[in-house]
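Keep in mind that the numbers below use all heavy atoms, side chains included, and drop hydrogens, waters and symmetry copies. Letters A, B, ... mirror the listed sequences (proteins, then strands); counts begin at 1.
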Amino acid sequence: MPELPEVETIVRDLQACVIGKEIKDIIELRQGTVKYPADFTANSYGVIEEIRRRGKYIIIQLSSEYLLIVHLRMTGKLIYDDIKREDPKHLRCVIKFGDDGRLMFDDVRTFGTMEFIPAGDEDTYFKRIGIDALSEQITLEKFKELLSKKRTNIKNFLLDQSVIAGLGNIYANEILYRSKVSPLRQTAKITASEAKRIFKEMQLVLQEAIECNGTSISDYRRVDDKQGTFQNFLRVYGKESCPQGHEIERLKIGGRSTFYCKTCQK
DNA sequence: ATTGCTTCCTGAGCGC
DNA sequence: TGCGCTCAGGAAGCAA
């Protein structure tokens with residue numbers, strides 16, 4: 001389940017192995033995996049110039065003035081192969097480079113997307129995406145302002161990509177445990193000191209997870225197919241008890257599994 | 001306008 | 001052994 005730290009790890013891994021490579025061919029093993037603009041006319045895909053992240057989106061900038069935007073959703077993986085690896089079981093698309101290397105897009109549940117858009121359409125494409133959770137532009141004051149504009153519980157608030165982009169279910173649970181705030185609390189009732197803790201823990205958890213190269217709970221793998229290690233530091237997600245030894249409550253909020261400690265989180 | 005529910009999809013895990 | 005059921009969850013689309 002790639003969230004911001006997993007996507008950041010993949011972007012860094014990709015930067016190290018595919019920048020400067022020319023895309024020679026794109027082969028779809030599952031039709032419809034890659035979307036193109038109706039007027040897509042590029043006679044070549046071009047060379048990969050830059051790779052960056054926006055929320056959970058991977059943006060691959062090409063010399064052809066197009067962007068290839070990838071979203072892994074739940075089970076998508078990008079695996080780089082220059083050692084003739086075996087095809088993964090759910091290979092949906094292969095990007096072939098000029099040098100025999102290839103980038104494989106594997107995705108069990110087929111929710112992941114790959115889409116070419118004109119470079120100039122980037123802002124329009126992301127108009128529903130809020131400020132990145134690790135953006136330097138987001139201050140405590142800005143965070144509190146965003147909180148005051150929403151009428152929902154704090155967990156749904158953290159998961160809303162149109163407000164703050166990058167958090168998913170695992171990190172939202174972890175941030176709230178470390179902040180000692182119940183996921184059920186309404187945004188309007190969050191105090192200034194609680195907001196400060198949530199804001200700080202959001203940045204800390206994400207940074208720590210990036211240092212661990214992400215959380216490999218189920219499907220997530222790095223570009224070299226290796227796992228991240230932050231799963232070893234989770235405190236509530238998927239746990240029976242919290243680090244203090246209290247029993248973890250499990251319920252659904254917005255249809256998603258929510259883990260929290262009634263004793264530690266108020 | 002805003003919020004929240006349903007849907008898309010496949011495989012793992014479970015009870016019987 | 002295998003069947004049917006539930007669960008996993010990101011975000012578009014739709015309903016209220």
Side-chain H-bond candidate by donor/acceptor type, A:Q61 with A:R52, under 3.5 Å: yes

Donor-acceptor side-chain pairing of A:K226 and A:N213 below 3.5 angstrom: no

Atom-pair distance (CZ on A:R250; C1' on C:dA8), nearest Å: 9 Å

Nearest listed nucleotide, side chain of A:H71, among C:dG10, B:dG11, C:dC7: C:dG10

Nucleotide pairing, DNA chain B (Watson-Crick or G-U, distances under 3.5 Å), in dot-bracket with [ ] and |: .|||||||.|||||||

Geometric class of the A:H71/A:Y57 ring pair [parallel <30°, tilted 30-60°, perpendicular >60°]: perpendicular

Between C1' of B:dT10 and CG of A:L91, the distance in whole Å: 16 Å

Touch class at under 4.0 angstrom, heavy-atom based, for A:T75 against every strand present: nothing

Parallel, tilted or perpendicular, as decided by the 30° and 60° cut-offs, for the rings of A:F143 and A:F199: tilted

Non-neighbouring partners of A:Y125 that pass side chain to side chain donor-acceptor pair (under 3.5 Å), sequence neighbours left out: A:E115

Same-atom distance (P) from C:dA11 to B:dG11, integer angstrom: 22 Å

Separation of C:dG10 C1' from A:E6 CD (nearest whole Å): 13 Å

Interatomic distance where CZ belongs to A:R128 and P belongs to C:dA12 [whole Å]: 7 Å

A:D219 CG to C:dA8 C1', straight-line distance once rounded to whole Å: 9 Å

List, one per line, each side-chain donor-acceptor pair under 3.5 Å for residues 235-247 of chain A, sequence neighbours excluded.
none

Under-3.5 Å N/O pairs linking protein and nucleotides 14-16 of chain C:
none

Flag for A:E6-A:Y171: side-chain donor and acceptor within less than 3.5 Å: yes

Nucleotide nearest A:H90 (side chain, heavy atoms from C-beta), chosen from B:dT10, C:dG10, C:dA8: B:dT10

Partner residues of A:R185 under the side chain to side chain contact (heavy atoms under 4.5 Å, CB included) criterion, sequence neighbours left out: A:I154, A:V181, A:S182, A:K189, A:I190, A:E194

Pair A:T258-A:K155, side-chain donor/acceptor within less than 3.5 Å: yes

Check: A:Y66 ring centre within less than 6.0 Å of A:F40 ring centre: yes

Between C1' of C:dA11 and OH of A:Y125, the distance in whole Å: 11 Å

Sugar-phosphate only, base, or nothing, as touched by A:K89 at under 4.0 Å among non-hydrogen atoms: nothing

Spacing between A:L4 atom CG and C:dA11 atom P, to the nearest angstrom: 11 Å

Sole residue of A:L167, A:V205, A:I164, A:D132 in side chain to side chain contact (heavy atoms under 4.5 Å, CB included) with A:L4: A:D132

Touch class at under 4.0 angstrom, heavy-atom based, for A:Y57 against every strand present: sugar-phosphate

Nearest-angstrom distance from the residue atom CZ of A:R92 to P of B:dG11: 8 Å

Positive for side chain to side chain contact (heavy atoms under 4.5 Å, CB included) with A:I58, one of A:I69, A:L68, A:L78: A:L78

B/S/- contact track for nucleotides 3-9 of chain B, protein heavy atom under 4.0 Å: SS---BB

